[in-house]
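Every number for a ligand or one of its atoms is a count from 1 in the order of the listing.
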Amino acid sequence: MFLVRLLTAKPAKKPAAPLPTVTESKPEEHVSVHEVLVPIRKEEKHEQVKVISTIERARKLPFCHGFMPSLEAVNLLVRSGDFLIRLREVKGQVRVVVSVALTSAQSTKLRQINEKEDTRKGCQVAKKVPYEKEDDGDVATDLGETGDDRRKGSDSFSEIRPAPFRETIAVNYRHMKLRENKNGCSLDGEYYFSNLNSLLAFYMFVKLEGPQDFNLRNPISRQYGSFRSSQIKIVKTLGNGAFGEVSLAEINHPAFAQNKAAVKTMKKGVPEHLGLEEKFLVEGTISIPLDHPNVVRTLGWCYDSKPLQLLMELCPGGALSTFLMAKSEKASNLTLTRFCLDAARGLEYLHDVGVLHRDVAARNCLIDEHGTAKVADFGLSVKAYYYEMTTAENLPTRYLPPESLTNYSFNAESDVYAYGHLVCEVFNKCQMPYAGMSGPEARKQILAGKVVNVHERAPEALRFFVENRIFAYHAIYRPTMPQIVEFMTEVISILKEANPGDNAAFEIGAENKEAMQPSTGTEEVFERLEPSSAAQSPPVDVAA
Ligand code: ADP
């Protein structure tokens with residue numbers, strides 16, 4: 001009977017009293033029972049029914065994705081009506097956001113709303129509406145209309161009548177901040193509810209059809225690769241990178257076999273305009289689907305609290321660069337060539353799935369517990385076969401080929417060129433390219449076609465291959481990654497024949513103290529490369 005009443009009930013319109021759409025436990029009833037049975041518990045019972053904040057309520061929902069950024073959320077919203085709950089920090093205050101996928105009619109209406117809002121704010125009407133625009137529930141005008149506009153059926157929307165809901169592939173998304181005031185909580189400033197659960201129940205089960213801006217149909221639950229902060233116990237710091245700190249952590253997750261992982265925690269206090277969160281997010285989005293024995297596995301995110309965390313497979317050998325600096329003198333040529341082959345295999349896979357790494361170097365390879373090198377650090381990676389820079393970026397310029405420095409273009413061949421430097425680092429105790437030269441000097445050398453030599457200890461054929469083929473000035477003369485893999489495999493079989501006793505084994509693990517030392521800074525290899533102004537002025541040294 002109650003359900004019938006719930007489904008037929010009309011919610012309160014502003015400023016009517018909050019609507020008890022969903023059953024709220026009635027404190028008096030519980031208290032009276034306990035008064036008779038166990039009076040001593042009365043106090044406890046009062047505590048149990050204390051008002052739960054909207055944030056707490058949201059966090060308990062299986063489709064609350066914590067601080068998941070909108071860029072990531074839209075990947076989960078596939079069909080119109082799919083929705084999820086997120087949290088967002090605005091000026092130090094945490095707000096609940098409902099992200100929903102729209103039909104094309106709803107999307108058209110959203111565009112109209114946003115254009116109207118832009119006109120009010122004095123912007124050009126023709127301006128493209130940002131894809132990720134978030135509605136601000138605080139102020140009614142942020143939605144481009146007041147509650148009154150809606151009730152009257154605003155003139156400007158008269159010709160755009162949203163069709164009754166029909167599920168389609170999502171064509172756009174809407175991110176609505178929950179507004180809260182004395183009337184309760186609301187998504188659109190029109191209907192107010194006593195709590196978040198009532199609000200969601202109304203949009204999911206009552207307000208099903210009709211001309212409306214959005215439909216909450218299908219809640220999207222947390223995914224497999226989403227970790228709770230309570231499941232992660234940080235043990236110690238492993239290293240520091242451009243995006244944040246990497247720590248060793250113990251993981252307690254029912255679907256996660258290994259109990260140890262590396263957790264990258266985004267740097268705190270970085271100004272928003274630097275777009276660190278976006279880059280961090282791109283790193284995760286690109287690396288999570290990757291699956292290859294020579295590519296570090298990214299396990300998933302933890303969005304529960306800020307700063308965001310990215311979980312990766314633990315590589316107890318640490319960075320390849322650190323290993324090379326500490327131990328490469330004692331390592332055999334077979335061991336070192338194996339590292340080169342491992343990295344080449346990882347890059348071959350990346351190019352195969354359409355990922356350009358753009359920061360190939362020994363410092364961005366990690367060694368796992370079996371001594372295998374794996375390509376890591378996708379902070380600069382792009383999902384493309386060809387990529388041209390349009391904005392300024394901090395890049396490892398001394399690793400880049402001439403065409404990237406002059407045309408700002410990147411493709412598999414530019415990764416191949418940088419891989420040549422990785423081979424040089426492997427055989428030369430990880431000395432960085434053009435060591436002792438400043439960034440601009442190094443760039444001059446690259447553009448003049450003066451390449452770095454591979455250390456004499458490397459097999460002669462390998463030296464020739466790197467210096468003449470991989471470092472070819474023109475990209476078309478460089479070998480592809482599969483050709484490099486073939487070449488390195490050949491070198492390894494020759495080395496094995498020459499030294500049958502060498503099994504390329506070396507000590508790895510927690511006792512590998514040098515490798516587990518926090519890594520050193522790499523700021524000196526990064527320079528700001530600016531596509532537009534570069535013709536007039538050379539890139540600026542970041543360190544300067
Ligand atoms: P960033 O991308 O922010 O530059 P990195 O990915 O380079 O950070 O990581 C910095 C350091 O942390 C590495 O040099 C390495 O020492 C350590 N590290 C990173 N990932 C792992 C991992 N999966 N296992 C073990 N150590 C790691």
Any nitrogen or oxygen of [X], side chain or backbone, less than 3.5 Å from one on ligand 1?
X: E313; value: yes
X: R363; value: no
X: E283; value: no
X: C315; value: yes

Could I get the full list of salt bridge (Lys or Arg N to Asp or Glu O under 4.0 Å) partners for R398, not counting sequence neighbours?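 By the salt bridge (Lys or Arg N to Asp or Glu O under 4.0 Å) rule, R398 matches no residue at all.
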
So, using salt bridge (Lys or Arg N to Asp or Glu O under 4.0 Å) as the criterion, who are the partners of E250 when residues are at least two apart?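 Once residues adjacent in sequence are excluded, the partners of E250 under the salt bridge (Lys or Arg N to Asp or Glu O under 4.0 Å) criterion are K233.
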
Hey, is NZ on K306 packed in by over 12 heavy atoms from elsewhere, all under 6.0 Å?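 More than 12 heavy atoms, drawn from other residues, nucleotides or ligands, come within 6.0 Å of this atom.
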
Atom indices of ligand 1, in the order listed, that fall short of 4.0 Å to a heavy atom of [X]:
X: A319; answer: 14 (O)
X: N240; answer: 10 (C)
X: L366; answer: 15 (C), 20 (N), 21 (C), 22 (C), 23 (N), 27 (C)
X: L238; answer: 16 (O), 25 (C), 26 (N)
X: M312; answer: 20 (N)

Taking E527 for its side chain and T397 for its backbone only, find out whether a donor-acceptor pair lies under 3.5 Å.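 Such a contact is absent between E527 side chain and T397 backbone.
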
Given 3.5 Å as the limit, does a donor-acceptor pair link the side chain of R88 with the main chain of F67, or not?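 The answer is no, because no donor-acceptor pair under 3.5 Å joins these two groups.
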
Determine whether the side chains of N333 and R457 contain a donor N or O and an acceptor N or O closer than 3.5 Å.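 Looking only at side-chain atoms, R457 and N333 do form a donor-acceptor pair, the distance falling under 3.5 Å.
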
Yes or no: does G244 have any heavy atom under 4.0 Å from an atom of ligand 1?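 Within the 4.0 Å threshold, so yes.
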
Out of curiosity, is K264 lining ligand 1, as in a heavy atom under 4.0 Å away?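 It does, in that a heavy atom of K264 comes within the 4.0 Å cut-off of ligand 1.
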
For A373 and D342, work out which heavy atoms get closest and say how close.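 Scanning both residues, the minimum pair turns out to be N-OD2, 3.0 Å.
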
Would you tell me which option among S321, A261, S247, G239 has the nearest heavy-atom contact to atom 12 (O) of ligand 1?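 Answer by nearest heavy atom: G239.
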
Spatial distance of atom CG (L447) from atom CG (L405) [nearest 0.5 Å]: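 CG of L405 is found 5.5 Å from CG of L447.
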
